[in-house]
Amino acid sequence: MGLVVQKYGGTSVGSVERIQAVAQRIIATAQAGNSLVVVVSAMGKSTDALVKLAREISANPSRRELDMLLSTGEQVTISLLSMALQELGQPAISLTGAQVGIITEPEHTRARIFHIKTERLQRHLEEGKVVVVAGFQGVASTTDLEVTTLGRGGSDTSAVALAAALRADCCEIYTDVPGILTADPRLVPDAQLMSEITCDEMLELASLGAKVLHPRAVEIARNYGVQMVVRSSWSGHPGTRVVSPVPQPRPLKNLELGRPVDGVRFDTDQAKVALLRVADRPGIAARLFGELAQQNLDVDLIIQSIHEGNTNDIAFTVTKAAANQAEAVATAFGPMLSRTTLETAGPEVLVNRAIAKVSITGAGMIGRPGVAAQMFTTLAAAGINLQLISTSEVNVSCTIAATDCDRAIAALCQAFAVDSSSTHLSPSLPVPSPPVRGVALDLNQARLAIRSVPDRPGLAAEIFQRLAAQNISVDMIIQSQRSRSVSGVITRDIAFTVAQVDAETALTFLSKAIPELGCGEVIVDTAIAKVSIVGMGMLGQPGIAAHMFKALANHQINIQMIATSEIKVSCVVAEADAVTALRAIHAAFDLCGQHRVEIPA
Ligand code: ASP
Ligand code: MG
């Protein structure tokens, strides 16, 4: 008994029969004693059809008019669903975003929600009506009622925002799949349904989960503690619970426009071990990290940079107490990692015990290119040099000199308006979880490498700021360990990945901008893929990354880049190896199910 927000996606309301079936489900929920707000998408693929119509008239239609057009799709569904409910004797009323008072920023086709008025909703709920709200739309001001849309797939975001504003007991997202799966079932036929996942994991799995759940919806759920469930509107299966932590109280104003970063964290109990000039062949990372895991050493950050002349650099961090043992493993293991059997010295091993790791985290950095750049700029302005950089969808971590840590934290808290009392490292939910919840594959990435970047504060900042200004979102960023002296200047290489569609633009732009920064050439490789494991349970558990590397080694798959966050390990591999890699890793973590999950075509 309570207040429930339900959201039905396009296929769930794709025909008159489906709308009638949805009405039955709504009535069953109401009869169980719940008040209901129902958010719907446009029927089937009708939004795509509207986009197509617009393109037939104009190659580049005005974004305002596009919003006027696209927002009509949802209006068809709300009125039909309301009629279907009334026909079955259930009092109901349909409302557009404007009628509710879903107030957004004035950004047509990609507006974020400022706040939601709840008075009218409350009034209709008290009258015993089911309120059916058009998803995906809002208005930019209450005077002009300029219609805005939230971006494609945005009705999930409408639903969760309404649940947050109404402090609903739960938000149910109905879709055509039975919930969140451990991998993309089209590529991994034995992927299975998860019974639950945390919001943090869901965000790190963005590339896997985005098709099912809009990341902005997950962000709101996490920030406001909305309990969400993703399930099929075709069955009674309970689906996947998306668990959110107990939130810190925050105002309902600026609902979506809150800070892009909501945590700054540091860890001074870290030491860095780097191996330079390691052979570039399958199995190397697996052996090194396998041996570290054998000795029960918990590795935190792992970074492997691009190779030059057939060698890689691998760097990782461990706790200070583990540094000696880790160094011994790396040194003893060295000759096995050499390029040729004739080399007996092995790669050079460097250990630095005087480091700190600083991280920024936050769902708001997804799709906002400037956030990592802002971190680098802030640190550069404080004169702090970055050693290792490792990024994931919702996290950027850097190692810096330990003596710089206090200044770094103060500067970052100020730059991102984060309360400095909350900077200690703490996982957000103490739920028992499997070490790996799911495996994601991103085939739409390209890798860029910039050679010989002068090693001085501010250069990484400069490069990524310029890319952000071109609206290019950078995904994985890795700064190499090896330094090289180029005409007397110490330089390092920086490698990163971008969406494939941005690769050409990034290459052209950087090739022009880079000489003036004193960097070397820019190299691009589009035939790559990123495969990632995600799970809260890997926190503090040795051997998880090693197990992933081993699965790849068993299939003779070479790892080109490695980057980690606390709950994620990502490897870049050749595109040709991608699906084999995904399946091998999925199987290695015992994620395969007994029966096939049926996915509609
Ligand atoms: N109808 C909109 C779209 O297709 C919004 C949504 O379905 O979430 O993108
Ligand atoms: Mg959707």
Side-chain angles (χ1 to χ4, degrees), residues 5-15 18-19 22 37-55 61 63-82 94-100 102 104-105 107-113 116 132-140 147-164 171-177 179-180 202 206-207 209-221 226 228-234 239 242 255-256 366-367 600-601:
V5 174
Q6 293 185 337
K7 181 258 166 176
Y8 293 92
T11 38
S12 295
V13 291
S15 65
R18 288 300 310 155
I19 290 177
V22 162
V37 171
V38 177
V39 177
V40 288
S41 291
M43 290 173 71
K45 302 237 174 293
S46 58
T47 311
D48 291 336
L50 292 172
V51 172
K52 192 162 167 282
L53 279 179
R55 298 270 178 243
R63 300 202 350 236
R64 178 189 185 274
E65 301 309 327
L66 258 184
D67 276 354
M68 290 299 279
L69 177 68
L70 298 197
S71 60
T72 61
E74 273 69 16
Q75 290 188 45
V76 172
T77 327
I78 53 172
S79 43
L80 290 177
L81 178 57
S82 218
S94 64
L95 298 176
T96 62
Q99 288 171 319
V100 171
I102 299 178
T104 72
E105 62 182 330
E107 273 285 336
H108 286 294
T109 71
R110 51 168 183 242
R112 289 175 185 257
I113 299 173
I116 297 182
V132 185
V133 178
F136 174 59
Q137 57 176 261
V139 278
V147 175
T148 51
T149 64
L150 309 182
R152 296 303 306 272
S155 45
D156 295 338
T157 296
S158 307
V160 179
L162 279 160
C171 181
E172 301 173 347
I173 307 282
Y174 286 94
T175 172
D176 54 352
V177 293
I180 315 288
M202 191 70 203
S207 54
K211 286 155 224 136
V212 189
L213 206 49
H214 209 220
R216 280 163 57 188
V218 183
E219 171 183 52
I220 299 172
V226 175
M228 218 186 332
V229 52
V230 178
R231 47 192 299 207
S232 163
S233 66
W234 270 262
V242 183
L255 215 135
E256 261 203 287
I366 294 178

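Just so we're clear, the structure is a prediction, and the values are computed from it rather than from any experiment. Order of appearance sets the numbers: ligands from 1, and atoms from 1 within every ligand.
Applying the side-chain hydrogen bond (donor to acceptor under 3.5 Å, both in side chains) criterion to Ser233, with sequence neighbours excluded, gives Ser12, Arg18. With sequence neighbours excluded, the residues forming a side-chain contact (heavy atoms from CB on, under 4.5 Å) with Ala42 are Ser46, Thr47, Glu74, listed by chain and number.
Under the 4.0 angstrom criterion for non-hydrogen atoms, Gly10 is not in contact with ligand 1. Residue contacts with ligand 1: Glu74 is included, with a non-hydrogen atom under 4.0 Å away.
For ligand 1, the atoms closer than 4.0 angstrom to any heavy atom of Arg152 are 3 (C), 4 (O), 9 (O). Near Ser41, meaning under 4.0 Å from any of its heavy atoms, are these atoms of ligand 1: 6 (C), 7 (O), 8 (O).
Ion pair Arg216/Glu256 flagged as a salt bridge, since at least one NZ, NE, NH1 or NH2 atom sits closer than 4.0 Å to an Asp/Glu carboxylate oxygen.
Under 4.0 angstrom from ligand 1, there are no non-hydrogen atoms of His214.
In terms of polar-atom proximity, Gly153 is counted as a contact of ligand 1, with an N or O under 3.5 Å from an N or O of the ligand. Here's the thing with Ser155: one of its N/O atoms is less than 3.5 angstrom from an N/O atom of ligand 1. For ligand 1, the polar-atom distance check against Lys7 finds no nitrogen or oxygen pair separated by under 3.5 Å.
In the model, Ser79 has no side-chain atom that pairs as donor or acceptor with a side-chain atom of Ser94 under 3.5 Å.
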Start with the C-alpha distance between His108 and Thr148, add both sets of side-chain angles, then the distance that settles side-chain hydrogen bond (donor to acceptor under 3.5 Å, both in side chains), and finish with yes or no. CA-CA 5 Å; His108 286 294; Thr148 51; 6.0 Å; no
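Using a 4.5 Å heavy-atom cutoff, the side chains of Val38 and Val40 are in contact.
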